[in-house]
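Values below: every heavy atom of this structure, side chains too, minus hydrogens, waters and symmetry copies.
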Amino acid sequence: MVLLLACFFQGSFGLGMKKYQPFSWEAFWVVFSVAGILIIPILWTWIEVPDFMSYIRETPARVLGLASLCGLLWGVSSVLFGKAVDTIGVSLTYGVNMGISASLGSLIPLILFGNVPPALSFSLLLGGMVIMLGGVVMITKAGLDKEKRMNQQAAQGGQAAPAKPLSKGLMMASVAGLGSAAMNIGFAYANRTLETAAGHGVSELSASLIPWVITLSGGFVANFAYAAYQLVKNRSYRDYVKPGSSKAYAKALITSLIWFLALGFYAKATVMLGPIGSSVGWLAFNGLALIISNAWGLKDGEWKGFSGPKKQLMLGNGILIVSWIVVGIANSFA
């Protein structure tokens, strides 16, 4: 149930990254960075583990540095994720991003930390990963066919092709997927702090939030620095006092909360899933969240008038559901 909640929030927060006018992208992202990546993680962790900073100080500097570096890599890529949503929509961005993130972000921690499960479990896990990638390929093909039909419709109507090419959006979503994988690797590294806190008698479920504070510290630097630079460069700080800005503030804050609710519940789910929770959980987390994001994309009308690509999208979602079942079976044999 906890993992399902995490997936729901993960699949839903991208809606807040659309239609946030009168904010510019950078005005929105500065608020999101401060609230979602910095304040909310620290506040939630402090509520559950008031002495969390003492456990961070006990963690080896090498672990803190590597986890923060992974967070920094994610921070760079998350900027591309936000721009990809603007370019190619929620469904397709999630599809490409989460397919890459799920496969690399689950497999690499297993190898790095020597947590490779028994042969049967590992074989099923790899099988689930391959099936998931097949679903992502199908979803990506749906997006490509959609763009092709959009261009044909534009040509028939004597109009120019859409200003936002799908190829550029796909590239941004792909790089963002690599960064998302680094995020889970950083989280797995920072789990040393969870072990330290647990050694002091702190509940592992509560202590599971501490690794995010470490990992996201690097992510905050990248996100905030780039958005603030754009804010000053474009003088878009004026957006904060434009008429109707109160709704944009609310949307940014709600998006921030939903975004970290996903990560917070995911952290707790990894503890409940057992020794390979950060790998099995990451696969399921991304796969089910992708299905939810596609449902939102359909509801938002992103595939209206494209029946063929829409059927491919639905087939891709079906494949993802199969992969999620296989991953669940793999965890039961771990």
Side-chain angles (χ1 to χ4, degrees), residues 1-13 40-41 43-50 52 55 59 67 98 101-103 105-118 120-122 124-126 128-129 132 180-181 183-216 257-292 320-321 323-334:
M1 184 61 185
V2 174
L3 184 59
L4 290 176
L5 276 173
C7 294
F8 175 77
F9 290 129
Q10 178 72 358
S12 301
F13 82 87
I40 293 175
L43 182 60
W44 187 0
T45 305
W46 175 77
I47 289 171
E48 293 206 32
V49 190
F52 75 91
Y55 307 130
T59 305
M98 292 188 178
S101 170
S103 54
S106 61
L107 187 60
I108 292 175
L110 284 178
I111 298 171
L112 283 178
F113 305 116
N115 290 330
V116 178
L120 178 58
S121 176
F122 189 56
L124 286 170
L125 189 63
L126 290 177
M129 190 181 301
M132 179 177 288
S180 294
M183 185 188 205
N184 193 50
I185 295 166
F187 174 77
Y189 262 115
N191 266 334
R192 286 282 296 276
T193 309
L194 183 157
E195 296 167 4
T196 300
H200 286 277
V202 178
S203 162
E204 288 192 0
L205 284 178
S206 294
S208 65
L209 296 169
I210 305 176
W212 280 136
V213 174
I214 300 167
T215 306
L216 294 179
L257 177 61
I258 293 174
W259 178 78
F260 191 70
L261 281 173
L263 295 183
F265 282 118
Y266 164 74
K268 295 178 182 298
T270 61
V271 173
M272 299 169 73
L273 285 169
I276 60 171
S278 60
S279 293
V280 170
W282 193 249
L283 272 175
F285 180 59
N286 283 274
L288 187 55
L290 178 54
I291 293 169
I292 293 169
L320 290 176
I321 291 172
S323 75
W324 195 55
I325 293 170
V326 172
V327 168
I329 296 172
N331 190 51
S332 69
F333 285 109

For the backbone of F9 and the side chain of S12, can you confirm whether one donor and one acceptor N or O come within less than 3.5 Å of each other?
no
Looking at side-chain heavy atoms only, is the closest gap between L216 and M183 below 4.5 Å?
yes
Could you tell me whether the side chain of M272 reaches within less than 4.5 Å of the side chain of L205, counting heavy atoms only?
yes
Please identify each residue that fulfils ring-ring contact (aromatic ring centres under 6.0 Å, His included) with Y55, with sequence neighbours left out.
H200
Nearest heavy-atom pair of E48 and S206: which atoms, and what distance?
OE1-OG, 2.8 Å
Working to the nearest 0.5 angstrom, can you tell me the gap between F187 CZ and T270 OG1?
4.0 Å
Determine whether N184 and Y266 make a side-chain contact, defined as any pair of heavy atoms from C-beta on separated by less than 4.5 Å.
yes
Closest non-hydrogen atoms of Y189 and A67, given as atom of the first, atom of the second and distance, are CB-CB, 4.3 Å
With a 4.5 Å heavy-atom cut-off, do I210 and T59 have their side chains touching?
no
Do L4 and F8 have side-chain heavy atoms sitting under 4.5 Å apart?
no
Write down the atom of P41, the atom of V213, and the distance for their closest heavy-atom approach.
O-CG2, 4.0 Å
Exam field: side chain T215 to backbone W212, donor-acceptor pair closer than 3.5 Å:
no
In short, E204 meets A198 closest at the heavy-atom pair CG-CB, 3.9 Å
Just checking W46 against F52, ring centres under 6.0 Å apart?
no
F265 and ring-ring contact (aromatic ring centres under 6.0 Å, His included): which single residue from W44, F260, W259 fits?
W44
